[in-house]
Protein chains: 2
Amino acid sequence: MISVGIIEDDEQIRTGIQAYLNNQINLSCEYGYHSMEAALADFKDWNIPNVLIIDLGLPGMSGIDGMKILRERFPDCDLVVFSVFNDYKKIFDSLCAGATGYLLKNTPFDEIKEGIESLAKGGSPMSPQIARKVIDFFKPQHKLKKISPLSDKEKEIVVGLVDGLSYKLIADRLSISIETVRFHIKNIYRKLHVHGKAEVISKSLRGEI
Amino acid sequence: MISVGIIEDDEQIRTGIQAYLNNQINLSCEYGYHSMEAALADFKDWNIPNVLIIDLGLPGMSGIDGMKILRERFPDCDLVVFSVFNDYKKIFDSLCAGATGYLLKNTPFDEIKEGIESLAKGGSPMSPQIARKVIDFFKPQHKLKKISPLSDKEKEIVVGLVDGLSYKLIADRLSISIETVRFHIKNIYRKLHVHGKAEVISKSLRGEI
DNA sequence: GAGTCAATCCCATGAACATGGGGGTGCCTA
DNA sequence: TAGGCACCCCCATGTTCATGGGATTGACTC
């Protein structure tokens with residue numbers, strides 16, 4: 001028997017889901033709250049469901065802020081976002097806050113049920129649109145590739161800088177003179193509008209090159 | 001009608017899936033290959049399925065390397081990994097290579113079919129275990145937080161370094177003397193066993209602090 | 001075949017950094 | 001209450017870096 005809770009300010013939705021889940025043979029949903037504050041006040045180590053369905057657009061504390069606290073206090077409770085939002089920011093903020101699933105509000109009841117069961121089996125329920133966006137996060141981004149104004153050689157030099165090498169060591173690694181390294185770095189600085197290797201390393205590691 | 005292709009060296013699996021998919025009213029699976037090389041030789045702009053199911057452990061060119069090429073040449077063809085591997089490296093390498101879905105080899109035929117349909121609707125089919133690992137990627141990692149040997153002030157200084165500031169500017173930002181900045185940086189270098197700000201920036205941005 | 005451009009080298013100067021020493025003041029904890 | 005630790009400041013030395021000027025070569029374009 002999986003114990004489920006729901007934090008959702010729309011009473012109709014909340015009670016509807018509670019009623020549906022309580023009707024399932026393997027689920028119970030005794031925990032229903034209209035706000036994150038109410039939920040946090042009620043939960044204790046010995047009084048916490050296995051799974052929490054959380055709306056993002058709550059009055060008072062937001063679902064995302066709430067999840068950070070919940071994740072900290074009750075790491076064994078799986079958090080599932082239940083929201084109308086499907087934009088990147090909301091999705092990634094939720095995942096970074098500790099959500100283990102993300103279902104859109106148009107998800108049919110039976111799929112919510114399946115999602116909860118999937119959680120128990122080590123899965124992560126996501127609406128299709130959400131899954132696609134999460135996957136897209138890893139996709140190579142060609143667009144940024146071409147805007148790099150650096151030549152191949154200059155990029156090699158940047159790698160050396162990122163590795164923390166001195167000009168001398170970069171020269172040795174690339175089998176060129178230290179003067180050539182100097183020359184390239186001058187041009188790198190010009191192209192990137194920076195004035196020191198620290199900024200080059202930052203830009204590089206942040207993917208701005 | 002969705003056109004599907006499969007690249008899989010195990011003939012039994014390949015023909016089995018082809019037969020099943022061809023039996024579906026809304027799918028066709030005319031493209032079957034035993035290796036990535038064979039597939040790449042056959043595909044043309046006018047001769048490419050909508051969806052490609054790809055095994056990772058192929059003889060010759062690996063599925064991951066192949067996907068990189070496919071993604072480049074045929075960006076409109078959705079790639080779905082079909083593999084026994086469920087380790088982080090394989091998963092993320094696949095996604096970075098351009099996979100839009102990832103199904104484990106124990107996936108029943110009907111779920112493969114549903115996955116393909118989901119793709120067409122903008123979804124990203126993933127086996128539950130895979131979805132969980134992808135989601136976990138975003139989860140906050142507390143464990144590394146405490147091992148940082150740097151004091152609070154030192155961390156502030158590191159932020160300044162990462163921002164590419166000179167000692168003077170860091171001093172101004174923190175309202176302390178440049179000599180104090182020097183002092184802290186000396187200690188930072190000692191603690192991190194490095195000998196220059198470049199290495200500090202690298203370590204910091206790589207999450208090693 | 002003149003022009004552009006990346007890449008290779010050289011020199012010089014001032015600024016910034018790395019590293020080694022000194023001093024202090026507080027706060028906490030044994 | 002002494003020792004440890006984080007924080008604050010100062011000095012001196014040598015190294016590395018940033019930036020400006022040059023010059024040459026080969027490849028590719030027009």
Side-chain angles (χ1 to χ4, degrees), chain A residues 140-209, chain B residues 72 141-209:
Chain A
Q141 322 247 336
H142 321 239
K143 42 185 179 182
L144 297 171
K145 233 179 185 177
K146 301 197 70 176
I147 67 162
S148 172
L150 300 186
S151 72
D152 290 345
K153 209 62 180 192
E154 286 164 349
K155 283 183 205 148
E156 290 185 71
I157 303 256
V158 169
V159 173
L161 289 178
V162 169
D163 288 345
L165 305 181
S166 68
Y167 289 9
K168 180 77 183 66
L169 287 174
I170 295 176
D172 289 348
R173 179 191 279 190
L174 301 182
S175 302
I176 55 179
S177 149
I178 190 173
E179 293 299 332
T180 307
V181 175
R182 260 192 234 288
F183 169 82
H184 285 302
I185 287 182
K186 268 190 281 191
N187 291 326
I188 291 169
Y189 289 174
R190 252 196 284 274
K191 289 181 181 176
L192 300 182
H193 310 290
V194 301
H195 306 279
K197 51 185 191 171
E199 292 169 87
V200 175
I201 297 170
S202 290
K203 271 189 190 281
S204 174
L205 255 27
R206 285 177 172 142
E208 293 174 31
I209 299 182
Chain B
E72 190 74 23
Q141 322 245 336
H142 322 241
K143 43 184 179 181
L144 296 170
K145 234 177 183 175
K146 301 196 70 177
I147 65 162
S148 171
L150 300 186
S151 72
D152 291 342
K153 207 65 183 186
E154 287 164 348
K155 283 182 206 150
E156 290 185 71
I157 302 255
V158 169
V159 172
L161 289 177
V162 169
D163 289 345
L165 304 180
S166 67
Y167 289 10
K168 180 76 183 65
L169 286 174
I170 295 175
D172 289 348
R173 179 190 277 191
L174 301 182
S175 302
I176 56 179
S177 149
I178 190 173
E179 293 299 333
T180 308
V181 175
R182 262 193 232 287
F183 169 81
H184 285 303
I185 287 182
K186 266 189 282 192
N187 290 328
I188 291 169
Y189 288 175
R190 250 195 286 271
K191 289 183 182 176
L192 299 182
H193 310 290
V194 300
H195 306 279
K197 51 187 195 169
E199 292 170 88
V200 175
I201 297 170
S202 290
K203 269 187 191 281
S204 174
L205 287 174
R206 286 180 173 140
E208 292 174 35
I209 299 182

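The sequence lines fix the lettering, A, B, ..., with proteins before strands; numbering per chain opens at 1.
- Checking B/Ser175 against A/Ala198, the closest nucleotide of DNA chain D that is more toward the 5' end is the one next to B/Ser175.
- Following rounding to the nearest Å, A/Tyr189 (OH) and D/dG20 (P) show an atom-to-atom distance of 12 Å.
- For the contact set between residues 179-188 of chain B and DNA chain D, defined by any heavy atom under 4.0 Å, the members are B/Glu179, B/Thr180, B/Phe183, B/His184.
- Of all heavy-atom pairs spanning A/Ser151 and A/Lys191, the tightest one is N-NZ, 4.1 Å.
- A/Lys153 has its NZ atom 15 Å from the C1' atom of C/dC5, to the nearest Å.
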Any protein N or O atoms within reach of nucleotides 27-30 of chain D? Criterion: under 3.5 Å, listing atom names and distances.
none

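- Considering all non-hydrogen atoms of both residues, B/Lys203 and B/Leu192 come closest at CE-O, 4.0 Å.
- The distance between atom CG of B/Leu150 and atom P of D/dC5, rounded to the nearest whole Å, is 15 Å.
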Can you check nucleotides 27-30 of chain C for protein contacts, nitrogen or oxygen pairs under 3.5 Å, and list what you find?
none

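- Atom NZ of B/Lys197 and atom P of C/dT19 are 13 Å apart (whole Å).
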Hey, can you pull the donor-acceptor pairs under 3.5 Å for the side chains in residues 169-177 of chain B, sequence neighbours left out?
from, atom 1, to, atom 2, distance (Å)
B/Asp172, OD1, B/Lys168, NZ, 2.9
B/Asp172, OD2, B/Lys168, NZ, 3.0
B/Arg173, NH1, B/Asp163, OD2, 3.1
B/Arg173, NH2, B/Asp163, OD2, 3.2
B/Ser177, OG, B/Glu179, N, 2.8

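- Atom CD of residue B/Glu154 and atom OH of residue B/Tyr189 lie 12.5 Å apart, to the nearest 0.5 angstrom.
- Note that the NE2 atom of B/His195 and the OG atom of A/Ser166 stand 12.0 Å from one another [nearest 0.5 Å].
- Stems are defined here as 3 or more consecutive Watson-Crick or G-U wobble pairs with pairing distances under 3.5 Å; those involving DNA chain C are C:3-27 with D:4-28.
- A pairwise comparison of heavy atoms in B/Lys155 and B/Leu150 identifies CE-O, 3.4 Å as the closest pair.
- When rounded to the nearest whole Å, the span between CD of A/Glu154 and C1' of C/dA6 equals 8 Å.
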Checklist entry - Checking side chain to side chain contact (heavy atoms under 4.5 Å, CB included) for the pair A/Leu161/A/Ile185: CA distance, chi angles, key distance, verdict? => result CA-CA 10 Å; A/Leu161 289 178; A/Ile185 287 182; 4.0 Å; yes

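- The main-chain N or O of A/Thr180 is never found under 3.5 Å from a side-chain atom of A/Tyr167 such that the two would form a donor-acceptor pair.
- Atom CD1 in B/Ile176 sits roughly 16 Å away from atom C1' in C/dG24 (whole-Å rounding).
- For the OP1/OP2 pair of D/dC5 and a distance below 4.0 Å, the side-chain nitrogens and oxygens of B/Ser151 include no atom meeting the criterion.
- Heavy atoms only, all atoms of each residue included: B/Val162 and A/Arg206 are closest at CG1-NH2, 3.5 Å.
- Nearest heavy atoms, B/Glu199 versus A/Gly164: CG-CA, 3.9 Å.
- Taking all atoms of both residues into account, the shortest heavy-atom contact from A/Ile201 to B/Leu205 is O-CD1, 4.3 Å.
- Distance, A/Ile178 CD1 to D/dC17 P: 7 Å, rounded to whole Å.
- Following rounding to the nearest Å, B/Arg190 (CZ) and D/dA6 (C1') show an atom-to-atom distance of 14 Å.
- Near-neighbour residues of DNA chain D inside residues 160-171 of chain B, defined by a heavy atom below 4.0 Å, are absent.
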